[in-house]
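Order of the sequence lines fixes the chain letters, A, B, ..., with proteins taken first and strands second; residue numbering starts at 1 for each chain.
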Amino acid sequence: MLDIRLFREQLETVKQGFARMGFDVSEADRIVVIDDTVRALKTEVEAMQAELNIASKAMGAKGITPEERDAKRAELRALGDKISGVNAQRTEAEEQLRKALLYTPNLPDAKVPNGETETENVLVREVGTKREFSFTPKPHWELGTTLDILDFERGVKISGSRFYVLKGAGAALQRALIAFMLATHTEQNGYTEIYPPFMVKEECLYGTAQLPKFADNHYHDAEEDFWLVPTAEVPVTNLHRDEILEGARLPIKYVAYTPCFRREKMSAGRDVRGIKRGHQFDKVEMVKLVTPQTSEAELEALLNDAESICKALELPYRVLLVCTGEKGDFNTMQYDIEVYAPAAKGEEGGEWLEVSSCSNFGEFQARRTNLRFRPEPGAKPEFVHTLNGSGLALPRIMIAVMENYQNEDGSITVPTVLRPFLGGKETIR
RNA sequence: GGAGUGAUGUCCGAGUUGGUCUAAGGAGCACGAUUGGAAAUCGUGUAUAGGUUAAUCCCUGUCUAGGGUUCGAAUCCCUAUCACUCCGCCA
């Protein structure tokens, strides 16, 4: 959510940001008009309320006679009714304003490239080299099925399309990856591990801005206020909602493993082969709460922490600075990390798979979650800046590991760093 | 799921026959005095959101949340949430 003051004081900046994000610019003008209405009504109500308060107080004074009190009572009752009337208008206008603000995108950072599609994303760096195969690499669904560590048919049987079952060494490999990532982030990168609820209240999804815009991509209980988390970003960023943190505590760095649940309605028919896109997937997510002055540098550090996983797993990857049209609506800037999977497109060959998005949200989410910090004892509270990034998304990193580490006989070599988490196993066969 | 009790500022805590509550008091914190320095002591200040303003002043809302009664609500009524106790159920 943007500060309403931005609309009042820097309308042109807001409009430019909206234009870059492909958002209706006239909405900014409409918001200014509603804001003017709200403030006019508010001033009117408050003046009348002040009058009523003074008069009511006088009613309780000692010297007043019952007759005077009765006479005054009718008069004040009328004033009270009048206040209610205008106040109802005010509430309505405020609600309009709130709704309008909930839908507005964040303003992109100056460094974000303009563009509509992924072709306009800027390649920041490419790390590692693609492996040269002396044989034709197989896609992960073939490897997994043959090794009997991946079962698509039974996944579909019990849960429907876009579900699969990991079995034996497949399940163990994923568990090892999760354990390895958590260990790296907690022991080397300085994050505190969080195990959050996988179901949250609706207000949390408003807080991180999945709602109201993307309601149809989330699962929720029909009877109670429970929503399945689409990413650990939601519970973890909301952890300190409505709090005022001591400035000295920042930055706060959390890492959490959770399953993620998504309807994927927008992606119907896309990526149906293999385990690339499902209704349920696992992810290790990093979340940072930082001061406004440091958020830019913290984004680079976050990206670096995510990359450390790719490096340790010795997977070729690239980093992209995502353009205005492709990035999320609510961050100020977003880097994507893509790892290379040599057979993920089957007959067509390899593919870069997005395994992480690292974003800075500025104070956008902090405003929605009312999450502030006090820079110095006694100082006025300010909104924190929030950031998050995957570190990393599991099924896709599974794909990359399986396809990059496959051998000609169909077995898969276990990456060195994962072996301690798999009882020393070197090969899945 | 049933019954009961409770929720006050950063924290503790008074206030519940509706009207100087303009929320006492204490702790903590900040600044100052005192001191060679510190402790102790004393003094001053110290919630938050918004409106108005050049700024101050001032005004409005907030005593868990949302409604209601009333000229007027921390206080009375209703609903919800959370915590605790007892019962039931369960892993």
Say you draw a straight line from CG of A/Leu303 to CE of A/Met286; how long is it, rounded to the nearest 0.5 Å? 8.5 Å
Taking the six-membered ring of A/Phe330 as reference, does the cationic atom of A/Arg368 (NZ for Lys, CZ for Arg) lie under 6.0 Å from its centre and within 45° of its axis? yes
B/rC21 and B/rA73: how far apart are their P atoms, nearest whole angstrom? 16 Å
Name the nucleic acid region contacted by A/Leu52, choosing base, sugar-phosphate or nothing; use a 4.0 angstrom heavy-atom cut-off, strictly under. sugar-phosphate
Which base sits across from B/rA83 as a Watson-Crick or G-U pair, both distances under 3.5 Å? B/rU5
Between B/rG2 and B/rU16 - P atom distance, rounded Å: 32 Å
How far, in whole Å, is B/rG13 from B/rG25 if one measures between their C1' atoms? 8 Å
Interatomic distance where CG belongs to A/Leu245 and C1' belongs to B/rU48 [whole Å]: 16 Å
Mark yes when over 12 heavy atoms from residues, nucleotides or ligands other than A/Lys311 sit less than 6.0 Å from its NZ; otherwise mark no. yes
Once you apply a heavy-atom cut-off of 4.0 Å, does A/Arg8 come out as touching a base, just sugar-phosphate, or nothing? sugar-phosphate
Could you state the NZ-P distance from A/Lys201 to B/rC82, rounded to the nearest angstrom? 7 Å
Pair partner, B/rU20 [Watson-Crick or wobble, under 3.5 Å]: none
When the P atoms of B/rU85 and B/rC11 are compared, how many Å lie between them, rounded to an integer? 22 Å
For atom CG of A/Asp242 and atom P of B/rU62, their distance in whole Å: 18 Å
A/Arg39 side chain, from C-beta outward: closest of B/rG50, B/rC71, B/rU52: B/rU52
Assigned partner base of B/rG37, Watson-Crick or wobble definition, under 3.5 Å: none
Return the pairing partner of B/rC11 with a 3.5 Å limit on both distances, Watson-Crick or G-U wobble; otherwise return none. B/rG26
Nearest whole angstrom, please: distance from the P of B/rC71 to the CG of A/Leu76. 9 Å
When the distance from CG of A/Asp81 to P of B/rG68 is rounded to whole Å, what number comes out? 12 Å
Does any nucleotide pair with B/rC90 by Watson-Crick or G-U wobble geometry, both distances under 3.5 Å, and what is it? none
Which one is paired to B/rG50, where only Watson-Crick or G-U wobble pairs with both distances under 3.5 angstrom count? B/rC59
N/O (side chain, A/Gln49) to phosphate O (OP1/OP2, B/rC59) under 4.0 Å: no
Pairwise C1' distance, B/rU8 and B/rU75 [rounded to whole Å]: 12 Å
Respond yes when some side-chain nitrogen or oxygen of A/Arg372 is under 4.0 Å from OP1 or OP2 of B/rU48, and no when none is. no
According to a strict under-4.0 Å criterion, is A/Asn53 in side-chain N/O contact with OP1 or OP2 of B/rU60? yes
Under 3.5 Å on both distances, the Watson-Crick or G-U partner of B/rC42: B/rG32
Please state the P separation for the pair B/rA83 and B/rC78 - nearest whole angstrom. 23 Å
Using atom P of each nucleotide, how far apart are B/rU22 and B/rC58 to the nearest Å? 15 Å
Spacing of the P atoms in B/rG45 and B/rC86 (rounded, Å): 47 Å
Taking the inter-plane angle between the rings of A/His240 and A/Tyr254 on a 0 to 90° scale, is it parallel (under 30°), tilted (30 to 60°) or perpendicular (over 60°)? parallel
Tell me the interatomic distance from A/Ile83, atom CD1, to B/rG51, atom P, rounded to whole angstroms. 20 Å
Quick check on RNA chain B: between A/Pro381 and A/Ala50, whose nearest nucleotide comes earlier from the 5' end? A/Pro381
Between A/Asn331 and A/Asn106, what is the shortest heavy-atom contact and its length? O-CB, 3.8 Å
A/Arg162, A/Lys276, A/Arg277 screened by salt bridge (charged side-chain N to carboxylate O under 4.0 Å, His left out) with A/Glu264, the one that passes: A/Arg277
Any donor-acceptor pair, under 3.5 Å, between the side chain of A/Glu46 and the base of B/rG50, if you only look at N and O atoms? yes
Rounding to a whole Å, what distance do you find between A/Arg241:CZ and B/rA65:C1'? 14 Å
Assign each of A/Lys42 and A/Val45 the nucleotide of RNA chain B bearing its closest heavy atom; nearer the 5' end lies the nucleotide of A/Lys42
What is the minimum heavy-atom distance between A/Val339 and A/Cys310, and which atoms define it? CG1-SG, 4.0 Å
Let me know the distance between NZ of A/Lys57 and P of B/rG18, rounded to the nearest Å. 18 Å
